[in-house]
Amino acid sequence: MNRSELTDIIFKKKSVLCVGLDTDLTKIPKHLLQEEDPAFAFNKAIIDATKDQAVAYKINTAFYEAQGIKGWESMEKTLRYIPEGIFTIADAKRGDIGNTSEQYAKTFFQTYPFDSVTVAPYMGADSVKPFLQFEGKWSIVLGLTSNAGSADFQLQPCGDELLYQKVLKTVASWGTPGNIMFVIGATRKEQLKEVRAMLPEHFFLVPGVGAQGGDVDTVCRNAMNKDGGLLINVSRGIIFADSSASFAERANEEAIKYQKEMAVFL
């Protein structure tokens with residue numbers, strides 16, 4: 001999916017909602033465990049309940065890889081069930097030396113036809129650039145994350161700037177606003193406006209809204225641009241809003257609530 005197609009769906013749906021499919025089998029409704037593929041049964045119901053509000057789905061690959069071959073099969077079925085025209089993210093956080101990154105890129109852009117994959121930039125240009133060679137595909141690079149440990153490196157001085165600032169500027173020069181996005185945590189409220197000023201054209205994948213304490217209003221006011229420029233991810237707050245047989249209905253209610261908050265800014 002290219003940038004204009006992503007922008008079109010954002011304004012058509014008046015939404016920047018990304019639903020995170022962090023499907024933990026210990027948290028899904030118990031009755032689904034009787035299904036042949038519990039993870040896919042859960043994901044299918046969530047997708048059906050939220051597809052009118054979501055412009056993207058983020059599949060956290062760790063929750064599938066941990067289940068071995070069955071997990072990979074669930075992930076592929078989930079990916080292929082997502083309706084055409086909705087942006088797909090492999091939240092895999094890959095990044096290695098060049099020839100290894102080439103294989104990771106083929107995994108998530110060819111074998112499993114995701115629109116994008118999250119990438120860790122610590123090893124530098126040769127670990128990121130292989131992902132940028134695929135037309136119509138996106139690398140979503142870790143920029144400023146919302147976990148407590150981010151202070152260990154990202155917020156440390158690096159010359160006359162902080163390390164995350166150097167990472168953002170450097171990585172942006174390797175590609176374009178049409179193939180690179182950045183992960184910018186919603187709980188970093190004081191930095192959202194600053195990062196948007198630094199990168200006025202790029203899309204941001206913004207985790208941390210809902211269960212982690214971030215809110216839609218703050219993110220949109222400080223980081224939205226003329227194309228929307230955001231994919232605000234909500235995982236637990238939607239998919240695990242209810243653990244009963246009514247889980248899909250509750251997911252729908254939460255997705256509608258978030259979409260209405262976002263529509264004000266679109």
Side-chain angles (χ1 to χ4, degrees), residues 1 9 13 15-94 104 107-118 140 146-147 205 207-214 231-262:
M1 181 181 291
I9 192 171
K13 291 188 173 182
S15 173
V16 290
L17 178 62
C18 172
V19 175
L21 297 173
D22 301 3
T23 304
D24 185 339
L25 293 181
T26 68
K27 294 181 179 178
I28 69 173
K30 300 302 181 188
H31 72 278
L32 293 177
L33 297 177
Q34 308 305 315
E35 296 282 343
E36 180 180 353
D37 188 339
F40 177 64
F42 178 79
N43 290 344
K44 181 176 182 292
I46 293 291
I47 292 166
D48 287 342
T50 61
K51 62 186 178 183
D52 291 339
Q53 293 78 40
V55 298
Y57 287 99
K58 182 174 72 68
I59 296 178
N60 188 328
T61 64
F63 289 92
Y64 303 85
E65 294 175 73
Q67 303 301 317
I69 187 63
K70 289 184 178 180
W72 282 95
E73 290 171 351
S74 298
M75 183 179 74
E76 181 171 13
K77 285 193 287 185
T78 298
L79 173 62
R80 296 187 185 281
Y81 188 74
I82 294 169
E84 187 176 351
I86 297 182
F87 192 75
T88 56
I89 302 169
D91 189 7
K93 299 182 177 69
R94 298 302 201 260
Y104 282 139
T107 298
F108 294 108
F109 292 156
Q110 291 182 344
T111 304
Y112 302 95
F114 284 92
D115 292 309
S116 64
V117 62
T118 55
I140 307 180
S146 54
N147 61 304
L205 173 62
V209 165
Q212 292 176 264
L231 296 175
I232 297 179
N233 183 75
V234 183
S235 299
R236 287 171 285 173
I238 289 178
I239 69 173
F240 298 135
D242 191 294
S243 60
S244 73
S246 300
F247 74 98
E249 289 83 353
R250 286 284 291 116
N252 173 256
E253 291 170 4
E254 290 299 313
I256 290 172
K257 182 187 75 173
Y258 279 110
Q259 184 274 327
K260 286 181 177 178
E261 291 182 58
M262 295 165 180

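For reference, positions follow the sequence shown, starting with 1. This structure is a prediction, so every number in the text was calculated from the model and none was measured.
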Chemist: Could you check whether the rings of H31 and F247 sit parallel, tilted or perpendicular, using 30° and 60° as the cut-offs?
Modeler: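 Taking F247 first and then H31, their aromatic rings sit tilted (interplane angle of 30° to 60°).
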Chemist: When you check the gap from the basic side-chain N to the acidic O, do K257 and E261 get nearer than 4.0 Å?
Modeler: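 Judged by the 4.0 Å cut-off on N to carboxylate O distance, K257 and E261 do not form a salt bridge.
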Chemist: Using side-chain contact (heavy atoms from CB on, under 4.5 Å), reason through I89 and T118 one step at a time and then give a plain yes or no.
Modeler: CA-CA 7 Å; I89 302 169; T118 55; 4.3 Å; yes
Chemist: Going by an N to O cut-off under 4.0 Å, is there a salt bridge joining K70 and E73?
Modeler: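 Judged by the 4.0 Å cut-off on N to carboxylate O distance, K70 and E73 do not form a salt bridge.
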Chemist: Is there side-chain contact between E253 and D242, with at least one heavy-atom pair below 4.5 Å?
Modeler: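 They are not in side-chain contact.
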Chemist: Would you indicate whether the side-chain heavy atoms of N43 and S74 approach each other to under 4.5 Å?
Modeler: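 No, every pair of side-chain atoms sits at 4.5 Å or beyond.
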Chemist: Test side-chain contact (heavy atoms from CB on, under 4.5 Å) on Y258 and I232; report intermediate values, then the result.
Modeler: CA-CA 10 Å; Y258 279 110; I232 297 179; over 6 Å; no
Chemist: So, the side chain of S116 versus the backbone of I140: is there a donor-acceptor pair under 3.5 Å, distance only?
Modeler: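 Not at all, since once roles are kept as given, no pair shorter than 3.5 Å links the two residues.
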Chemist: Which heavy-atom pair separates L25 from P38 by the least distance, and what is that distance?
Modeler: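 For L25 versus P38, the nearest heavy atoms are CD2-CB, 4.2 Å.
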Chemist: What I want to find out is whether E36 reaches K77 closely enough, with some N-O distance under 4.0 Å, to be called a salt bridge.
Modeler: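 So E36 does not pair with K77 through a salt bridge.
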Chemist: What distance do Q53 atom CD and L17 atom CG have between them, rounded to the nearest 0.5 Å?
Modeler: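 CG of L17 is found 7.5 Å from CD of Q53.
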Chemist: Of the non-hydrogen atoms in T61 and R94, which two are nearest, and what is the gap between them?
Modeler: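 Closest heavy-atom pair between T61 and R94: OG1-NH1, 4.0 Å.
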Chemist: Between L231 and C18, which heavy-atom pair has the shortest distance, and what is it?
Modeler: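 Taking L231 first and C18 second, the nearest heavy atoms are CB-CB, 4.3 Å.
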Chemist: Could you report the tightest heavy-atom contact between L21 and I46, atom names first, then the distance?
Modeler: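 That closest heavy-atom pairing would be CD2-CG2, 3.9 Å.
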Chemist: Scan D115, T50, T78 and name whichever one has a side-chain hydrogen bond (donor to acceptor under 3.5 Å, both in side chains) with Y57.
Modeler: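 Passing option: T50.
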Chemist: Testing the basics here: between S235 and D22, what is the closest heavy-atom pair and its distance to 0.1 Å?
Modeler: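 Shortest heavy-atom contact: OG-OD2, 3.5 Å.
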Chemist: Evaluate I59 against F114 for side-chain contact (heavy atoms from CB on, under 4.5 Å), listing each step before the verdict.
Modeler: CA-CA 10 Å; I59 296 178; F114 284 92; 3.9 Å; yes
Chemist: Going through the checks in order, is the side-chain contact (heavy atoms from CB on, under 4.5 Å) test met by T23 and Y64?
Modeler: CA-CA 8 Å; T23 304; Y64 303 85; 3.1 Å; yes
Chemist: Would you say that F42 contacts I239 through its side chain, given a criterion of any heavy-atom pair below 4.5 Å between the two side chains?
Modeler: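 The answer is yes; the side chains approach within 4.5 Å.
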Chemist: Indicate the atoms forming the closest heavy-atom contact of P113 with T88, along with that distance.
Modeler: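 Between these two residues, the closest heavy atoms are O-OG1, 4.2 Å.
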Chemist: Closer than 3.5 angstrom, by distance alone: can the side chain of K13 be matched with the main-chain N or O of K51 as a donor-acceptor pair?
Modeler: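 Confirmed, K13 side chain pairs with K51 backbone.
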Chemist: Report yes if some heavy atom in the side chain of D52 is under 4.5 Å from a heavy atom in the side chain of S15; otherwise report no.
Modeler: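 Not in contact.
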Chemist: In Å and rounded to the nearest 0.5 Å, what is the NZ to OH distance from K44 to Y81?
Modeler: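 One finds 3.5 Å between NZ of K44 and OH of Y81.
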